[in-house]
Enquirer: 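The structure is given below, and queries will be raised subsequently.
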Amino acid sequence: MSLMSFFHKNISSLRYRIALGLSSAVLALCPWQAAQAESLFEAVEKTLANHPRQESAMLRLEAAADKRREEKSAFFPTLSGNAAGGRVYGDNSTSRGLSVTRGSGYSWLWEGDIALTQNLFNGMGTVNRHSAAIDREEAAKYSMDDVREMLTIETVNAYMDVLRAEDSLRYIAEYKAALEKYRPQFKVLIDQGAVDSTDQSQAFDMIARASKLENDFNAQKQSAIARYAMMTGHEPQGELHAPKGVLNIPETQDMAVAWALENHPQLRAANENSDAAWHDSLAEKSAFFPKLDSELSYYKKDQDDVIGGEVVDARALLKMNWAFSTGGAEISRYKRSRKLYQQSLSERREKELQLVANIKDAWIMRDKLTAQQDISARRLALSKALLNTRRDQFEGGSITLIQLMQAHDQHYMLGLENRQLSYAAQNADYMILSSMGALYSRLTPEAALVIQDVQQDAAQPEIEKFCDHQQEHPETGKSKSDGKASEVCP
């Protein structure tokens with residue numbers, strides 16, 4: 001399966017969702033399970049469930065949805081009503097004609113009106129404002145995906161830093177124990193006068209350097225734990241384990257760039273914001289056109305005849321309204337909206353350039369670390385051979401104890417360097433996927449199931465070949481398969 005088709009494939013799995021639901025229920029019912037170690041994906045999920053940045057992104061999305069519903073309401077009629085009541089005084093032609101004494105009169109007044117207004121045309125302003133709100137809601141969705149990607153890589157970095165520091169500390173403890181074994185040998189040689197204090201000082205300096213490394217990695221571990229707690233809401237529980245998932249990095253840098261330009265949530269959000277700005281400019285342009293509304297209204301007023309009497313007014317109207325500022329306010333607003341649209345296009349191009357640069361930087365870093373890891377592995381193999389040679393030479397009496405210890409120290413230091421490069425190379429893979437905007441989707445158990453299915457499909461010809469051999473040579477095959485052929489062959 002190619003990388004592009006895999007990314008576009010729907011990786012949702014019903015069996016995973018059922019298993020995840022059951023496992024969540026078990027965890028909720030069994031609090032002692034909390035002491036077990038978290039997987040990398042579980043740590044990411046806890047970050048996304050608890051981090052305020054994710055909550056803020058969700059609230060922005062909900063606000064955008066509310067704005068879209070608000071703009072959609074403009075397509076529907078508007079219902080309005082008014083009511084009033086009280087005591088009034090009137091002096092008009094009616095009161096003067098009916099009152100022969102004063103020419104005026106007093107009355108209780110009760111009046112009310114209700115109107116139903118429907119906009120028929122406003123220069124497509126309502127349509128464009130609603131379209132802009134839809135675009136901004138989509139942009140908020142992609143922005144939330146981008147926040148998820150950023151939180152994922154930050155959690156991954158914290159998880160891997162804790163893992164790297166703990167692994168390094170275990171290795172350094174083994175390193176110190178190996179160096180400490182030389183201490184009694186030096187004491188015997190010094191008591192015998194076979195070596196001077198200079199060799200002993202060099203040996204103690206190696207042990208002190210190992211202690212300094214241990215102190216440095218302890219500090220790194222505490223810092224990583226603090227960042228882990230900041231992301232997930234709690235410190236690591238139990239022993240963390242190195243991720244074993246297959247990430248399927250794109251084969252070439254160009255493939256990674258092409259996929260990111262098409263799918264990265266930052267670019268998709270920028271596209272939606274540009275579309276929203278375009279619809280905003282069209283909405284501002286609608287101010288140049290008259291507005292046409294239809295209106296149904298009913299008005300009733302109850303008062304004494306001396307000041308006018310009862311009034312009833314029912315209407316069904318078409319109303320046109322057009323207002324244009326002589327100072328050019330509408331023109332300025334339209335020009336401003338066009339400039340904002342052009343600005344959004346420029347910002348989109350800037351994001352595109354930045355994402356391409358980030359992918360290239362991550363790719364270069366991975367290539368560099370891979371090359372360094374290969375070199376370090378060769379050096380480590382050479383140092384191991386040198387250490388074995390030094391042991392033989394020491395037993396033959398051709399080198400001193402301090403020279404053997406130096407060879408041992410060099411081998412452990414190269415081993416430590418190799419471990420650091422291994423973690424750095426793995427982080428570089430994560431950085432490539434993060435710069436593509438694809439890290440979270442590659443860590444999900446759904447993706448692991450799809451990758452497992454792909455691997456099984458690829459391995460199927462070999463399995464069939466093995467089973468055919470079992471049928472042809474049952475006795476020989478049984479001894480070679482160690483009695484496990486029944487587990488894979490029907």
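Predicted, not measured: the structure shown is a model, and the values here were computed from it.
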Enquirer: Not counting sequence neighbours, which residues clear ring-ring contact (aromatic ring centres under 6.0 Å, His included) with His130? List them please.
Expert: Phe75
Enquirer: In terms of heavy-atom contacts, does CD of Glu350 have more than 12 from other residues, nucleotides or ligands at under 6.0 Å?
Expert: no
Enquirer: Could you list the residues that satisfy side chain to side chain donor-acceptor pair (under 3.5 Å) with Asp216, not counting sequence neighbours?
Expert: Lys212
Enquirer: Side-chain donor-acceptor pair under 3.5 Å between Asn218 and Glu214, yes or no?
Expert: no
Enquirer: With under 30° as parallel and over 60° as perpendicular, where do the rings of Tyr182 and His408 fit, or are they tilted in between?
Expert: perpendicular
Enquirer: Mind checking the OG1-CE spacing from Thr155 to Met231? Nearest 0.5 Å is all I need.
Expert: 4.0 Å
Enquirer: Against Ser56, only a single residue in Gln54, Arg53, Arg60 fulfils side chain to side chain donor-acceptor pair (under 3.5 Å); can you say which?
Expert: Arg60
Enquirer: Report, as yes or no, whether the 6.0 Å neighbourhood of atom CE on Met413 holds more than 12 heavy atoms from other residues, nucleotides or ligands.
Expert: yes
Enquirer: Does any donor atom in the side chain of Gln420 or Ser168 lie under 3.5 Å from an acceptor atom in the other side chain?
Expert: yes
Enquirer: Check the side chains of Arg136 and Asn273 for a donor-acceptor pair under 3.5 angstrom, ignoring hydrogens and angles.
Expert: no
Enquirer: Please confirm whether the backbone N or O of Met405 pairs with a side-chain atom of Asp409, one donor and one acceptor, at under 3.5 Å?
Expert: no
Enquirer: For Phe394, does its backbone N or O pair with a side-chain atom of Ser398 as donor and acceptor, under 3.5 Å?
Expert: no
Enquirer: Can any side-chain N or O of Asn215 pair as donor or acceptor with the backbone N or O of Ser211 at less than 3.5 Å?
Expert: no
Enquirer: Are the side chain of Ser143 and the backbone of Ala139 linked by a donor-acceptor contact shorter than 3.5 Å?
Expert: yes
Enquirer: Using modelled atom types and a 3.5 Å cut-off, is there a donor and acceptor pairing between side-chain atoms of Gln403 and backbone atoms of Thr400?
Expert: yes
Enquirer: Just wondering, more than 12 heavy atoms not from Met58 lying within 6.0 Å of its CE?
Expert: no
Enquirer: Inspect the contact between Glu38 and Lys46 and indicate whether a charged nitrogen and a carboxylate oxygen are less than 4.0 angstrom apart.
Expert: yes
Enquirer: By the salt bridge (Lys or Arg N to Asp or Glu O under 4.0 Å) test, which pairs, at least two apart or in different chains, include something from residues 418-432?
Expert: Asp167-Arg419, Arg366-Asp429
Enquirer: Does either side chain, that of Gln343 or that of Glu347, offer a donor lying less than 3.5 Å from an acceptor on the other one?
Expert: yes
Enquirer: State which residues pass side chain to side chain donor-acceptor pair (under 3.5 Å) with Asp145; sequence neighbours excluded, sorted by chain then number.
Expert: none
Enquirer: Are the charged groups of Arg379 and Glu417 less than 4.0 angstrom apart, N to O?
Expert: yes
Enquirer: For Leu439, is there any backbone N or O sitting under 3.5 Å from a side-chain donor or acceptor partner on Thr152?
Expert: no
Enquirer: Once the angle between the rings of His234 and Tyr228 is folded into 0 to 90°, is it parallel (under 30°), tilted (30 to 60°) or perpendicular (over 60°)?
Expert: perpendicular
Enquirer: Test your reading of the model: is there a side-chain donor-acceptor pair from Ser422 to the backbone of Asn418, 3.5 Å cut-off?
Expert: no
Enquirer: Do Ser223 side-chain atoms and Gln220 backbone N/O form a donor-acceptor pair below 3.5 Å?
Expert: no
Enquirer: Where do Ala242 and Leu163 come nearest, in terms of heavy atoms and distance?
Expert: CA-CD2, 3.3 Å
Enquirer: Taking only residues two or more places apart in sequence, or in another chain, which ones meet Asp66 in a side chain to side chain donor-acceptor pair (under 3.5 Å)?
Expert: Arg69
Enquirer: Inspect the contact between Arg349 and Glu352 and indicate whether a charged nitrogen and a carboxylate oxygen are less than 4.0 angstrom apart.
Expert: no
Enquirer: Charged N to carboxylate O under 4.0 angstrom, Lys67 versus Glu70?
Expert: yes
Enquirer: Between Arg129 and Glu71, does at least one N-O distance fall below 4.0 Å, as a salt bridge requires?
Expert: no
Enquirer: Using atom types as modelled and distance alone, determine if a side-chain donor or acceptor of Gln202 lies under 3.5 Å from a backbone N or O of Ile402.
Expert: no
Enquirer: Any pair with a residue in residues 336-376 that passes ring pair (Phe, Tyr, Trp, His ring centres under 6.0 Å), sequence neighbours left out, goes on the list, sorted by first then second residue, please.
Expert: Trp278-Tyr341
Enquirer: If we ignore hydrogens and angles and just use 3.5 Å, is the side chain of Asn128 paired with the main-chain N or O of Met124 as donor and acceptor?
Expert: yes
Enquirer: Got a sec: does the CZ of Arg336 have more than 12 other heavy atoms crowding it under 6.0 Å?
Expert: no
